[in-house]
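Structure, as structure tokens:
Side chains included, hydrogens not; waters and symmetry mates left out as well; all remaining heavy atoms used. Remember, predicted model here, so these are calculated numbers, not experimental data.
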Amino acid sequence: MGRFPARLLLLALAGPCIAGKDLEMVRRVRGGALTTVCHYNEHKYLQSEKFWCKELSDLECRTIVQSSPTAGRNSLNSPDARVSLKDLEIGWISVSMTELRVEDSGIYWCGVSDHMKIIPLKKIKVAVSYEAPMRLSAKKGDSISLNCSYFMMDDSRRPNNFTWCKMITATRCQPVVSVEIDQIVNMRERTRIKLDRWNRVIIVTLVALQLRDSGEYHCETHLQGSTVLLKMITLNVLESYDRTAFVTTSRPIDDIGAVLPTAARNDQQR
């Protein structure tokens, strides 16, 4: 195996090929793994270098791992042992990432590099959340509260703010309400976000639920210019009462009348 060459790929070299690539969304929880495969024309590119890179901007992509004919079909030694690439030599590349971290979130490309020409094969947006996803069901007109935990590495890497947003496309999350790290609470229309710095949790409360509130939501924070996904929540607002969707035991109420999740209720939600 050769020494892994750290480098940037200039996506501009790919020309119009990039514009035609659909963005595939992959969601994982920290500590998990992902494997993806990419197809290439084996008659044209069997002997070409294959790569997996992380997009830094619209024009640059940092090589994470690569393979080349001189090194065999497996990847060269990567600085990150959690990432591997294998050229299956039948027109397919297999890429694996293990022990995922929240900072692994971002947009990745797999592709072929042939005589300074970049041929993109697949574009993938990876979202690694801090907590496991949650599913909630509630009745129209009801109120709910939920918690999102957050972390702090040190004073130099403390979050700037926290955002509750709703997914409106496969890759775009539209902010609903945000709170700054030095704030306690903020409210916008029917959604409140409260920061509990002692327990390092964000408490999100939705009141007077409407059917249109159904959908996928994210708890996000912003750290050193990048967005970190803390938790994914899928909310289903029901028109009529469904006894199978709720716990009938008594539940604590917060100061604006919203039902607070209990341990038993959270287990059922998961």
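- Under the side chain to side chain donor-acceptor pair (under 3.5 Å) criterion, the residue pairs touching residues 90-99 are Thr35-Ser96, with sequence neighbours excluded.
- Here the side chains of Ile124 and Leu23 are not in contact, with every heavy-atom distance at 4.5 Å or above.
- Side-chain contact annotation: Lys122 with Thr36, donor-acceptor N/O pair under 3.5 Å present.
- For Lys166 (side chain) and Ser214 (main-chain N/O), a donor-acceptor pair under 3.5 Å exists by modelled atom type.
- In this structure, CG on Leu85 lies 8.0 Å from SG on Cys38, to the nearest 0.5 angstrom.
- Nearest heavy-atom pair across Leu211 and Leu238 is CD2-C, 3.9 Å.
- Residues Ile203 and Met232 fall into different hydrophobic clusters, defined by Ile, Leu, Val, Met, Phe, Trp and Tyr side chains chained together at heavy-atom separations under 4.5 Å.
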Show your working on side chain to side chain contact (heavy atoms under 4.5 Å, CB included) between Thr63 and Trp109 and close with a plain yes or no. CA-CA 9 Å; Thr63 304; Trp109 291 86; over 6 Å; no
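- The shortest heavy-atom contact between Ile90 and Glu42 is O-OE2, 3.7 Å.
- For His39 against Gly91, the heavy-atom pair with the smallest separation is CD2-O, 3.0 Å.
- The backbone N or O of Ser149 lies less than 3.5 Å from a partner atom in the side chain of Glu131, making a donor-acceptor pair.
- Taken together through direct or relayed side-chain contacts under 4.5 Å among Ile, Leu, Val, Met, Phe, Trp and Tyr, Val26 and Met97 form part of one hydrophobic cluster.
- Between Ile202 and Ile193 the shortest side-chain heavy-atom distance falls below 4.5 Å.
- Residue Ser129 comes nearest to Val102 through the heavy atom pair C-CG1, 3.9 Å, listed as atom of the first residue, atom of the second, then distance.
- Checking each of Ile119, Ile118, Asp87 against Val112 for a side chain to side chain contact (heavy atoms under 4.5 Å, CB included) leaves exactly one that passes, namely Ile119.
- Between Tyr130 and Tyr150, a ring centre-to-centre spacing not shorter than 6.0 Å is recorded.
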Show the numbers, then the answer: is there a side chain to side chain contact (heavy atoms under 4.5 Å, CB included) between Leu46 and Glu89? CA-CA 7 Å; Leu46 182 62; Glu89 297 184 341; 4.1 Å; yes
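- Here the CG-NZ distance, from Asp213 to Lys140, works out to 10.5 Å after rounding to the nearest 0.5 Å.
- The pair Arg30-Asp104 does not count as a salt bridge, with every side-chain nitrogen at least 4.0 angstrom from each carboxylate oxygen.
- Using a 4.5 Å heavy-atom threshold, the side chains of Glu220 and Cys173 count as touching.
- Counting only heavy atoms from C-beta outward, the side chains of Arg190 and Gln210 approach each other to under 4.5 Å.
- Note: His222 NE2 to Ser178 OG = 6.0 Å, rounded to the nearest 0.5 Å.
- Following chains of ILVMFWY side-chain contacts shorter than 4.5 Å, one can reach Val83 starting from Leu34, so the two form part of one hydrophobic cluster.
- Closest heavy-atom contact between Lys139 and Val237: C-CG1, 4.2 Å.
- The shortest distance between side-chain heavy atoms of Ile181 and Phe162 falls below 4.5 Å.
- The minimum heavy-atom distance between Glu55 and Cys61, with the atom names listed, is N-SG, 3.7 Å.
- Side-chain atoms of Lys50 come within 3.5 Å of backbone atoms of Ser48 as a donor-acceptor pair (strictly under, hydrogens ignored).
- Partners of Ser105 by side chain to side chain contact (heavy atoms under 4.5 Å, CB included), not counting sequence neighbours, listed by chain and number: Val128.
- Clustering ILVMFWY residues whenever any of their side-chain heavy atoms sit less than 4.5 angstrom apart, transitively, puts Val126 in a cluster other than the one holding Leu229.
- Counting only N and O atoms by type, the side chains of Trp52 and Gln66 include no donor and acceptor under 3.5 Å apart.
- No side-chain heavy atom of Lys125 sits less than 4.5 Å from a side-chain heavy atom of Glu24.
- Distance check: Thr221 OG1 to Asn161 CG gives 6.0 Å after rounding to the nearest 0.5 Å.
- A distance-only check finds no donor-acceptor pair linking the side chain of Lys44 to the backbone of Tyr40 [under 3.5 Å].
- Taken to the nearest 0.5 Å, the CG atom of Asp196 stands 8.5 Å off from the CD1 atom of Ile184.
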Run the numbers on Lys123 and Tyr108 for side chain to side chain contact (heavy atoms under 4.5 Å, CB included), then give the verdict. CA-CA 6 Å; Lys123 183 180 183 181; Tyr108 293 82; over 6 Å; no
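- Looking at Val185 and Val179, their side chains never come closer than 4.5 Å, going by heavy atoms from C-beta outward.
- Checking side-chain atoms of Asn41 against main-chain N and O of His43 turns up a donor-acceptor pair under 3.5 Å.
- Side chains of Val176 and Thr163 form no contact here, defined as non-hydrogen atoms less than 4.5 Å apart.
- The same ILVMFWY cluster, assembled from side-chain heavy atoms under 4.5 Å apart, contains both Ile64 and Ile93.
- Considering CG of Leu136 and OH of Tyr217, their distance stands at 11.0 Å, rounded to 0.5 Å.
- Using modelled atom types, one finds a donor on one side chain and an acceptor on the other under 3.5 Å when comparing His218 with Glu216.
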Side chain to side chain contact (heavy atoms under 4.5 Å, CB included) evaluation trace for Arg192 with Val177: CA-CA 7 Å; Arg192 185 185 71 170; Val177 63; over 6 Å; no
